[in-house]
Amino acid sequence: MGGTTVTTGVDSFEDPPAEVLAAAASAFGLLASSARLHIMWTLARGESDVSGLAERVGGALPAVSQHLTKLKLAGLVRSRREGRRMVYFVDDPDTVTVVRLMVGQLTARADAASAPVRAVRGTGA
């Protein structure tokens, strides 16, 4: 049998390079803010301008604008000009997948924890 095959990527057991881990930690750090996570969740469902985002996430316009600037600098969000307004969107399907997976799992857990306990049928009780 020839040499050793080294695989790379998500399915690999090899340690990622330090710079990759640092970039991931930075991205997760930005998403550790509930306001920024809410913005990402909203943008994962469709593009929006700052006013629409502020209304949807319940934040003040300047605060939402600052969060968008940080997300944009980190490469998690992009924007384009439409007339006089800037429209923001998530251009990375992998980021959308991570956000949807995490929020979806936590929502399912919260729903399960608040569900009423159902009686088990056929126990003779």
Side-chain angles (χ1 to χ4, degrees):
M1 305 231 122
T4 304
T5 302
V6 177
T7 58
T8 59
V10 178
D11 296 328
S12 170
F13 288 105
E14 298 294 321
D15 289 342
E19 54 274 2
V20 170
L21 291 171
S26 178
F28 282 123
L30 280 169
L31 295 177
S33 158
S34 60
R36 285 191 290 272
L37 188 57
H38 196 173
I39 290 168
M40 289 295 291
W41 174 260
T42 302
L43 290 176
R45 300 184 75 210
E47 56 190 35
S48 180
D49 63 4
V50 179
S51 300
L53 282 169
E55 184 178 312
R56 178 81 188 268
V57 304
L61 201 64
V64 171
S65 183
Q66 287 179 350
H67 288 306
L68 284 167
T69 298
K70 289 179 181 181
L71 292 168
K72 191 173 176 183
L73 287 171
L76 298 175
V77 167
R78 290 188 36 202
S79 65
R80 72 171 184 283
R81 184 164 295 283
E82 280 190 2
R84 296 179 64 184
R85 66 186 194 129
M86 292 297 278
V87 175
Y88 293 86
F89 57 96
V90 180
D91 193 33
D92 182 355
D94 293 331
T95 300
V96 171
T97 299
V98 169
V99 169
R100 285 185 173 165
L101 179 66
M102 179 56 78
V103 173
Q105 288 294 319
L106 293 174
T107 300
R109 287 180 191 168
D111 290 347
S114 66
V117 176
R118 294 191 163 96
V120 178
R121 294 182 183 195
T123 60

Lys70: partners by side chain to side chain donor-acceptor pair (under 3.5 Å), with sequence neighbours left out: none
Value rounded to 0.5 Å, distance of CG in Leu43 from CZ in Arg45: 11.5 Å
Mind checking side-chain contact (heavy atoms from CB on, under 4.5 Å) for Ala74 and listing every partner two or more places apart, or none if nothing turns up? Leu30, Leu76
Give the table of side-chain donor-acceptor pairs shorter than 3.5 Å for residues 93-102, with sequence neighbours excluded, one pair per line with atom names and distance.
| unit_1 | atom_1 | unit_2 | atom_2 | d |
| --- | --- | --- | --- | --- |
| Thr95 | OG1 | Asp92 | OD2 | 3.0 |
| Thr97 | OG1 | Pro93 | O | 2.9 |
| Arg100 | NH2 | Ala44 | O | 2.7 |

Contacts of type side-chain contact (heavy atoms from CB on, under 4.5 Å), residue Glu82, not counting sequence neighbours: Glu47, Arg80, Arg85, Val87
Just jot down the side chain to side chain donor-acceptor pair (under 3.5 Å) partners of Ser79, sequence neighbours excluded, or say none. Lys72
What pairs of donor and acceptor atoms, side-chain ones from residues 53-68 against any protein atom, are under 3.5 angstrom apart with sequence neighbours left out?
| unit_1 | atom_1 | unit_2 | atom_2 | d |
| --- | --- | --- | --- | --- |
| His67 | ND1 | Arg36 | NH1 | 3.1 |

For Phe89, is the CZ atom crowded, meaning more than 12 foreign heavy atoms sit under 6.0 Å from it? yes
Tightest non-hydrogen contact, residues Val50 and Tyr88, listed as CG2-CE1, 3.5 Å
